[in-house]
Amino acid sequence: MQDTDGPDSDRRQRALVAVAAGLRSHAPAAAAGIIDHQRELLLASTSPRGPGGRIADLAELLAALQDTDAACAERLRDAVDRTWEQLKETRTPLDAEDFLVLLLNAPGQREQAGQTLTRWEESRTSVPPWELPTAAVAVAHAAFGDLDGARRCANGLNVPHDRSAAFADVAGYLTGAPAAQIRLRIHQHCLRPDVPGLAQSQIPADTAHTVQEAASFVVDALASDGWYHVLPVLARIEPASVVCVRDIVFAHRQLGE
């Protein structure tokens with residue numbers, strides 16, 4: 001069996017997840033096959049952490065799959081449920097990412113999930129935002145209908161690049177921008193799991209009403225370093241503006257002719 005616990009296993013898994021996400025529209029059977037295989041490897045893993053963090057790993061697979069294969073998605077949800085039962089039986093504390101995944105997978109409990117998320121944040125006020133998956137929390141707030149909470153979370157990041165990326169992730173969720181959902185997740189600084197993609201598959205935004213609300217998050221994302229993270233969203237809601245951004249970058253970098 002392929003090693004699932006070595007130093008390169010996480011990078012390997014996330015590369016395969018990205019491949020599956022790219023295949024799902026034109027080769028859904030192949031995408032589901034990759035996802036099923038990765039699920040089996042995760043469940044067979046003998047990580048020293050035990051089942052901790054596994055829910056987040058399974059959620060990455062679910063976000064990559066989206067609605068491609070209902071049976072495969074059901075197997076993933078069953079794996080999440082079984083892992084959650086393991087965590088409770090062993091009294092293993094929930095990772096922050098595992099906690100967010102469980103909230104996003106609670107169907108029909110949007111208001112309750114939002115309240116639970118707020119209480120969880122209040123219990124961690126002494127923890128600096130950069131030590132938490134703050135961008136993921138911001139997206140979760142947006143998914144639960146609390147845009148003020150989403151903005152507050154993103155603004156809590158003190159690194160301009162990270163703050164822009166968080167605003168871009170919220171805007172990506174609100175607009176359903178596919179490219180934003182798979183924003184090079186192999187990179188270690190990107191959201192893990194793919195919370196915008198997971199939120200979009202579990203609690204899809206009503207883009208007929210949320211695109212306008214996304215505009216202010218786009219403006220905030222463009223305000224500092226990391227502005228380029230929001231380009232996929234701009235391409236979706238205002239394609240002509242991407243050309244303007246290109247012209248500005250080319251002029252600033254003295255590219256082109």
Side-chain angles (χ1 to χ4, degrees), residues 10-11 13-14 17 47-60 62-63 80 83-84 87-88 91-106 109-174 180-200 202-203 217 220-221 223-226 229-230:
D10 185 64
R11 187 174 301 174
Q13 176 192 328
R14 299 177 79 184
V17 169
S47 168
R49 297 173 62 205
R54 189 177 296 165
I55 290 175
D57 290 332
L58 290 165
E60 278 195 300
L62 192 58
V80 168
T83 301
W84 175 219
L87 289 168
K88 288 190 290 185
R91 298 185 179 181
T92 304
L94 267 179
D95 285 4
E97 293 167 337
D98 284 354
F99 169 76
L100 290 173
V101 169
L102 289 172
L103 285 184
L104 290 169
N105 275 286
Q109 301 178 33
R110 183 174 171 180
E111 183 177 351
Q112 181 181 347
Q115 294 170 353
T116 301
L117 179 59
T118 298
R119 288 194 298 270
W120 179 85
E121 284 185 285
E122 290 171 349
S123 71
R124 286 160 176 75
T125 53
S126 62
V127 182
W130 53 90
E131 292 184 8
L132 294 170
T134 300
V137 174
V139 173
H141 272 300
F144 301 141
D146 182 7
L147 296 186
D148 289 339
R151 187 178 305 282
R152 171 179 48 76
C153 268
N155 270 322
L157 290 164
N158 65 344
V159 178
H161 175 277
D162 295 344
R163 190 164 56 245
S164 288
F167 282 127
D169 279 314
V170 174
Y173 166 74
L174 293 172
Q181 294 171 8
I182 56 171
R183 177 172 50 85
L184 295 179
R185 303 280 167 191
I186 297 172
H187 194 285
Q188 62 179 343
H189 297 303
C190 290
L191 290 182
R192 180 183 176 274
D194 174 11
V195 171
L198 181 65
Q200 195 62 262
Q202 302 302 301
I203 312 173
F217 288 92
D220 288 335
S224 59
D225 293 347
H229 287 305
V230 84

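The basis for the numbers below is simple: all heavy atoms, side chains too, and nothing from hydrogens, waters or symmetry mates.
- For the residue pair V17 and E60, the shortest heavy atom distance occurs at CG1-O, 3.8 Å.
- In terms of modelled atom types and a separation under 3.5 Å, the side chain of N105 and the main chain of V101 share a donor-acceptor contact.
- Scanning both residues, A154 and A138, for their nearest heavy atoms gives N-CB, 4.3 Å.
- Put simply, CD on E122 and CG on L117 are 10.0 Å apart, with the number rounded to the nearest 0.5 Å.
- Heavy atoms from other residues, nucleotides or ligands lying under 6.0 Å from CD of Q115 number more than 12.
- Distance check, rounded to the nearest 0.5 Å: CZ of F167 to SG of C153 gives 10.0 Å.
- Each ring pair (Phe, Tyr, Trp, His ring centres under 6.0 Å) pair with one or both residues in residues 123-151, not counting sequence neighbours, would appear here, but there are none.
- In this structure W120 satisfies the ring-ring contact (aromatic ring centres under 6.0 Å, His included) test together with F99, sequence neighbours excluded.
- Q202 and L104 get closest at one heavy-atom pair: CB-O, 3.3 Å.
- Listed by chain and residue number, nothing satisfies the side-chain hydrogen bond (donor to acceptor under 3.5 Å, both in side chains) test with T118 (two or more places apart in sequence, or in another chain).
- Heavy atoms only, all atoms of each residue included: G226 and H161 are closest at CA-CD2, 3.7 Å.
- Listed here is the closest heavy atom pair of A143 and A199: CB-CB, 4.1 Å.
- For residues 140-160, the set of pairs meeting the salt bridge (charged side-chain N to carboxylate O under 4.0 Å, His left out) definition, not counting sequence neighbours, comprises E121-R152, R151-D220.
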Stepwise side chain to side chain contact (heavy atoms under 4.5 Å, CB included) test for L132 and V137: CA-CA 9 Å; L132 294 170; V137 174; 5.8 Å; no
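- One finds the OG1 atom of T134 at 12.0 Å from the CG atom of D169 (value rounded to the nearest 0.5 Å).
- Across D162 and L157, no two heavy atoms sit closer than the pair O-CD1, 3.7 Å.
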Audit row: D98, W84, side chain to side chain contact (heavy atoms under 4.5 Å, CB included) steps and yes/no: CA-CA 9 Å; D98 284 354; W84 175 219; over 6 Å; no
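- Note that CD1 of I55 and CG of L100 are 11.0 Å apart. Values are rounded to the nearest 0.5 Å.
- With sequence neighbours left out, R91 forms a side-chain hydrogen bond (donor to acceptor under 3.5 Å, both in side chains) with no residue at all.
- Between the CZ atom of R124 and the CD atom of E131 there is a distance of 12.5 Å, given to the nearest 0.5 Å.
- Residue pairs meeting the salt bridge (charged side-chain N to carboxylate O under 4.0 Å, His left out) criterion with at least one member in residues 133-145: none, sequence neighbours excluded.
- A distance of 10.5 Å separates CG of D95 from CG of L102, quoted to the nearest 0.5 Å.
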